[in-house]
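Just so it is clear, the model here is predicted, and its values are computed rather than measured. Keep in mind that the numbers below use all heavy atoms, side chains included, and drop hydrogens, waters and symmetry copies.
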Amino acid sequence: MPLIIGLLLPFLLVLGPVPFLYGASWRLEGIPMAVIWLFACIPLIAFCLLIASRLTDEDA
């Protein structure tokens with residue numbers, strides 16, 4: 001389970017929506033939504049790694 005949360009989920013968070021957001025014409029203050037999504041993924045990925053680390057520590 002930690003492997004799925006620590007590797008697969010962040011991978012899907014970053015690369016999953018990018019093809020759909022890349023072609024979108026939505027902008028927030030002139031910044032494309034794909035870039036906003038990638039920056040929003042930074043804390044989400046850190047949170048996924050924290051959860052995976054906690055799950056690994058409990059297994060040890």
Side-chain angles (χ1 to χ4, degrees):
M1 192 65 162
L3 188 64
I4 292 172
I5 294 172
L7 290 177
L8 185 62
L9 188 59
F11 181 79
L12 293 176
L13 275 173
V14 172
L15 295 181
V18 168
F20 303 108
L21 293 174
Y22 182 73
S25 61
W26 309 325
R27 293 183 177 268
L28 182 65
E29 298 293 325
I31 303 170
M33 285 304 293
V35 174
I36 293 171
W37 176 252
L38 290 175
F39 277 102
C41 282
I42 293 170
L44 293 174
I45 291 170
F47 186 65
C48 288
L49 292 175
L50 175 69
I51 292 172
S53 173
R54 296 277 170 99
L55 288 174
T56 303
D57 290 342
E58 289 177 5
D59 292 341

task = For Pro19 and Leu15, work out which heavy atoms get closest and say how close.
result =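 Where Pro19 meets Leu15 most closely, the heavy atoms are CD-O, 3.3 Å.
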task = Would you name the heavy atoms of Met33 and Arg27 that are closest together and state the gap between them?
result =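 Closest pair (atom of Met33, atom of Arg27, distance): CG-N, 4.5 Å.
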Can you list everything that forms a side chain to side chain contact (heavy atoms under 4.5 Å, CB included) with [X]? Sequence neighbours excluded, please.
X     : answer
Leu8  : Ile4, Leu12
Ile45 : Pro10, Val14, Cys41, Leu49
Ile31 : Val35, Ile36

inquiry  = Test your reading of the model: is there a side-chain donor-acceptor pair from Trp37 to the backbone of Leu13, 3.5 Å cut-off?
reply    =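 Pair found, side chain donor or acceptor close to backbone of Leu13.
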inquiry  = A side-chain contact here means heavy atoms from C-beta on lying under 4.5 Å apart; do Phe39 and Ile42 qualify?
reply    =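 The answer is yes; the side chains approach within 4.5 Å.
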ask   = In terms of hydrophobic clusters joined by side-chain contacts under 4.5 Å, are Met1 and Phe47 together?
value =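 Both belong to a single hydrophobic cluster.
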query = Which residues, ordered by chain and number, are linked to Phe20 in its hydrophobic cluster, where ILVMFWY side chains connect at heavy-atom gaps below 4.5 Å, directly or through other members?
reply =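 Its cluster mates, by chain and number: none.
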task = Share the residues that join Leu7 in a hydrophobic cluster, the rule being Ile, Leu, Val, Met, Phe, Trp or Tyr side chains under 4.5 Å apart at the heavy-atom level.
result =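 Taking Ile, Leu, Val, Met, Phe, Trp and Tyr as members, Leu7 shares its hydrophobic cluster with Leu3.
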